[in-house]
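Just below is one structure, and these are the notes that go with it.
Quick caveat, the model's predicted, so the values are computed rather than measured. One-based numbering along the sequence shown.
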Amino acid sequence: MSNDHDTTSHLRRIRSFVLREGRMTPAQERAFQAHWARFGIDFTGTVQDFDTRFGRHAPRVLEIGFGNGEALAWASEHDLARDYLGVEVHGPGVGRLMNALAARDATHVRLYKHDAVEVLEQEIAPGSLSEVRIWFPDPWHKKRHNKRRIVQPAFVALLATRVAPGGLLHLATDWEPYAQHMLDVMEMAPDWHNDVGPGQYAQKPDWRIETHFERRGLKLGHGVWDLLYRKS
């Protein structure tokens, strides 16, 4: 009992974000009025029936912290066989992505504007995801802030309960100390195994497009590290 309580308390402290809400443009504000009913999911704290919500039974991919939504917009056109869930707390990015999805008439992407830990704990059924993507999360550069990084043992243990056996966890970062931290955490995680070999980073997979964020980092001389892990 005490271990379960300690894990839950720890996850409560590891929120998937620190809210730094930017100012939304008029177009992004209009997106919430025009498109939220179509693309948005209101957090209710109960397990969702995604078959009903999407109108089909299909493998489901969760992207945590999708930023401006470039990758999800691309997936809405290039991966029609799977359903996509995106979680992001910052309104401007959510609004921008909804406008992009509406322009593409996307039918298989739904979005949360909410904390990822609570969505995972309360709205997503165990073993129901085929893939989770966490691309370029906040690295929290300062050592005293490292504990705020989302990739922590308790969090990847939670992810393991929501991903089906054989499912994929794909991490990516352009901050080398965070890449090493991710590798250390994942190599010790009992429910995950490295898809390319123990202690190894992966080559960039074709499905991870080079986003504006990444291009900016590469111009600054940053490397990029991908990590691929399978649910045991």
Closest approach of [X] and [Y], non-hydrogen atoms and distance?
X	Y	answer
Ala179	Leu227	O-CD2, 4.3 Å
Ser130	Val61	OG-CG2, 4.1 Å
Pro137	Met182	CG-CE, 3.7 Å
Val109	Ser76	CG2-CB, 3.8 Å

Lys204 vs Glu210, test: salt bridge (Lys or Arg N to Asp or Glu O under 4.0 Å). Steps then yes/no.
CA-CA 9 Å; Lys204 184 181 90 64; Glu210 188 178 276; over 6 Å; no

Partner set under side-chain contact (heavy atoms from CB on, under 4.5 Å) for [X], not counting sequence neighbours:
X	value
Gln180	Leu183, Asp184, Tyr201
Thr44	Thr46, Gln48, Glu123
Ala75	Tyr84

His57: partners by ring-ring contact (aromatic ring centres under 6.0 Å, His included), with sequence neighbours left out:
none

Check ring-ring contact (aromatic ring centres under 6.0 Å, His included) between Phe136 and all other residues, then give those that pass, not counting sequence neighbours.
Phe213

Any ion pair linking Glu131 and Arg82 (charged N to carboxylate O, less than 4.0 Å)?
yes

Side-chain heavy-atom pair [X], [Y] within 4.5 angstrom cut-off:
X	Y	result
Arg110	Phe54	yes
Leu168	Tyr229	no
Leu80	Thr107	no
Leu62	Arg133	no
Val117	Phe155	yes
Glu187	Asn194	yes
Lys113	Phe32	yes
Leu169	Val163	no

Intermediate values then yes/no, side chain to side chain contact (heavy atoms under 4.5 Å, CB included), Glu214 and Arg208:
CA-CA 11 Å; Glu214 183 175 352; Arg208 185 175 68 73; 2.5 Å; yes

Please indicate whether Asp49 has more than 12 foreign heavy atoms, meaning atoms of other residues, nucleotides or ligands, lying under 6.0 Å from its CG.
yes

Salt bridge (Lys or Arg N to Asp or Glu O under 4.0 Å) between Arg60 and Asp51, worked out:
CA-CA 10 Å; Arg60 299 210 166 101; Asp51 284 3; 2.9 Å; yes

How far apart are the C-alpha atoms of Leu85 and Leu111, what are their side-chain angles, what is the distance that settles it, and do they pass the side chain to side chain contact (heavy atoms under 4.5 Å, CB included) test?
CA-CA 6 Å; Leu85 296 166; Leu111 310 176; over 6 Å; no

Under a side-chain separation threshold of 4.5 Å, the hydrophobic residues clustered together with Ile209 are Trp74

Hey, mind stepping through Trp225 and Leu171 against side chain to side chain contact (heavy atoms under 4.5 Å, CB included) and telling me if it holds?
CA-CA 8 Å; Trp225 292 264; Leu171 309 174; over 6 Å; no

One pair to check against side chain to side chain contact (heavy atoms under 4.5 Å, CB included): Lys231 and Val132. What are the steps and the verdict?
CA-CA 11 Å; Lys231 169 70 183 301; Val132 175; over 6 Å; no

Show every donor-acceptor pair shorter than 3.5 Å between a side-chain atom in residues 35-43 and any protein atom, with sequence neighbours excluded, or say none if there are none.
unit_1 : atom_1 : unit_2 : atom_2 : d
Trp36  : NE1    : Asp42  : OD1    : 2.8
Arg38  : NH2    : Asp105 : OD1    : 2.4
Arg38  : NH2    : Ala106 : O      : 3.4

Return each pair, listed once, that meets side chain to side chain donor-acceptor pair (under 3.5 Å) where at least one residue sits in residues 153-172; pairs must be two or more places apart or across chains.
Trp135-His170, His170-Trp207, His170-Asp226

Under the salt bridge (charged side-chain N to carboxylate O under 4.0 Å, His left out) rule, collect the residues that match up with Asp174, sequence neighbours excluded.
none

My understanding is that only residues two or more places apart in sequence, or in another chain, count here; which of them pass salt bridge (charged side-chain N to carboxylate O under 4.0 Å, His left out) with Arg56?
Asp83

Sequence neighbours left out, what pairs pass salt bridge (charged side-chain N to carboxylate O under 4.0 Å, His left out) with at least one residue falling in residues 64-74?
Glu70-Arg215

Side-chain donor/acceptor pairs under 3.5 Å, residues 92-102, sequence neighbours excluded:
unit_1 : atom_1 : unit_2 : atom_2 : d
Asn99  : ND2    : Ala27  : O      : 3.2

